[in-house]
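Working notes, structure below.
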Amino acid sequence: MPRGGPDIGALLKPDEVREWRSLTVENPKSKPTAAEAAALKEKKAAEKKGKDSLLKKVVERINDSTIKKDKIKKALDKAAAEAPQEEVPRPFWLDPPSGTRDFEPAEMKVRNWLFDHMRQTAKEFGFKEYDAPVLEHVELYERKAGEEISQQMYCFTDKEGARVTLRPEMTPSLARMVLNLTNLATGEVRAALPLKWFSIPQCWRFETTQRGRKREHYQWNMDIVGEPGIVAEVELLTAVATFFKRLGVGPDIVGIRVNSRKVLDVAITKAGVPRDKFERVCVVVDKLDKIGAEAVKCMLTEDLELPSQTADVILQCLQASSVDDLAKAVGLSQSDPAIAELKTLFELCKAYGVGDYLDFDASVVRGLAYYTGVVFEAFDRKGELRAICGGGRYDRLAELYGGEKCQIPFCGFGFGDCVVVELLKDYGLMPDASPSVDVVVAPFDATMQPHALKVAASLRKAGLSVDAALTACKARKAFDLANRQGARLVAFVAPGEWARGLVRVKDMEVKDPSTNEGLQVDVPFADLASVVSHLQNAASAKGASWVPLGVDAAPAPSTQVGATLGTAGKLSLKATAKFSALAL
Ligand code: HAM
């Protein structure tokens, strides 16, 4: 961190400063009349309300507990006062379309951090990554069960007359890809089953935007193809819980509600409801939380024409508080396969060490038509956010697309990138998003520039990330650059040292006890590959405490940014630079 604390002004976005200024009410130059004073009071109240809300957003975005709210407020006041008055109104199309996001480097860093954890978790569970086009055939989503998703598609007819859509979810694309490995006449899949595949696609839904819901989102998908047994669900639920653990999100913060559509299926079949209404019943029942039991009953009896008694049985099933209760409500014995399967799932998850995350919840049925068995949704225990992830078994989707021979079992989940970030913000678990490179290379003057580029190349070969200053850069400028880039080291390429074949390297994570400044070493150019050993040896010779490589001096709660990206022998990627121009 630079002396005097971070440069908060540099952390503010132009649109935030602009909005702050637009909220500012000027004080009158002369004494206001009583009527003017009353109007001014009202305007000031509106200014306070608007600014409080904007300040909250900016604090959340910066997400740095070491920076006090007051300081951010002062920085906004200063920036708003100093910003040049705009002469040209900003056209609306300079903002990204409603519900979509730009990812500036700091946001991109968080996104990559999240995706790294998703990828790492999936790989730990032996899943392979796949992808598919964001543009898909509309036909894949025409399921006619009244699902919300079909009404939210970004679809259009292309210049060749094909009906296409931006994919709202990945599951149909996965089924399409698996069917391309399948002999449709026999149902034989030309690949060793089960397939364990994962992906992090961008999905598009024309939704009303709200906290955690956007019109585009990235959705981590993990699916198992070709395994009919409940162990597939257990594996997926365990992967979700493992991911939460990696992020520092414990079972006290989130839970995963689990249920099985198979039980509901038995209940409605017993009540004499035609099989082809099952999917529509599930889609209606999924609205219970949003519209309440009365409205659900009304839809079941009026839209789906179910007898009132059947609607009551269904609603009663949704209220069961345990698997045993559910069995009783439906009139099933404990040994019924649907009930036994659910019980086994909970036992296996407990044995796997993730039982604390799981809750049985008979009201979870999910709003997508294709699920056929176990369904689940992760939620925040405070109940403030929308579903964090959702999934389940869907054994009939391939059959729907590929014909009756294609009875291929599928099971999986989708985990969005939006809600989980809101959750991490709420619990102070966001990673550090400041920029970071290992070294800044600073040429003393224009004559040193070619040598500085060689130094940068050598350091990169040694495995370090290097920001080579593009113009001459004496001490002060070099330190400013290093602070901005979050670099731990500065390599000064100056005529005096260069003439002796040396490069002066300063490490600001390690304090030299004799100067009370960052440790400084002159490293032979030919030996730059061992720059880290040089620094470490110098630290030990001077009795300075060495900061181990790849370890942050002041870890944030979840500094796996360093852990995932940093490798042995690499410097910390989240080095908080503390440079000053002294002691060179
Ligand atoms: P879904 O419940 O529609 O399921 O979405 C899964 C997750 O994606 C949600 O829990 C949420 O995290 C995220 N998500 C969905 N819509 C939005 C949105 N508008 N903005 C932000 N995040 C969103 C499916 O999509 C299934 N295809 C999942 C699946 C995979 N089932 C089996 N395999």
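The structure presented is a predicted model; accordingly, all values stated were derived computationally and were not measured. Read the numbers this way: they start at 1 and go in the same order the structure lists the ligands and their atoms.
- Taking the six-membered ring where tryptophan is involved, the planes of Trp220 and Phe415 are tilted, since the angle between them lies from 30° to 60°.
- Among all non-hydrogen protein atoms, the one lying nearest atom 33 (N) of ligand 1 is Asp223 OD2, 2.8 Å.
- Across Tyr371, Phe415, Tyr394, heavy-atom proximity to atom 29 (C) of ligand 1 is greatest for Tyr371.
- Nearest protein neighbour of atom 21 (C) of ligand 1, counting heavy atoms only, is Gly212 O, 3.3 Å.
- Some N or O of Ile388 is nearer than 3.5 Å to an N or O of ligand 1, by distance alone.
- Of the candidates Arg213, Arg386, His217, Arg211, the one placing a heavy atom closest to atom 9 (C) of ligand 1 is Arg213.
- For Leu368, the closest heavy-atom approach to ligand 1 falls below 4.0 Å.
- Nearest protein neighbour of atom 7 (C) of ligand 1, counting heavy atoms only, is Gly414 O, 3.4 Å.
- At a 3.5 angstrom cut-off on N or O pairs, Arg366 counts as close to ligand 1.
- When Glu216, Arg205, Arg167, Arg215 are each tested for a side-chain contact (heavy atoms from CB on, under 4.5 Å) with Tyr154, only one passes: Arg215.
- Here the protein heavy atom with the shortest distance to atom 25 (O) of ligand 1 is Arg205 NH2, 3.0 Å.
- For the pair Arg261 and Tyr371, the cation-pi criterion (under 6.0 Å, within 45° of the ring axis) is not fulfilled.
- Of the candidates Phe376, Phe379, Tyr370, the one placing a heavy atom closest to atom 26 (C) of ligand 1 is Tyr370.
- Asn112 is not listed as a side-chain neighbour of Phe103, based on a closest heavy-atom distance of 4.5 Å or more.
- With respect to atom 20 (N) of ligand 1, the closest heavy atom belonging to the protein is Lys214 N, 3.0 Å.
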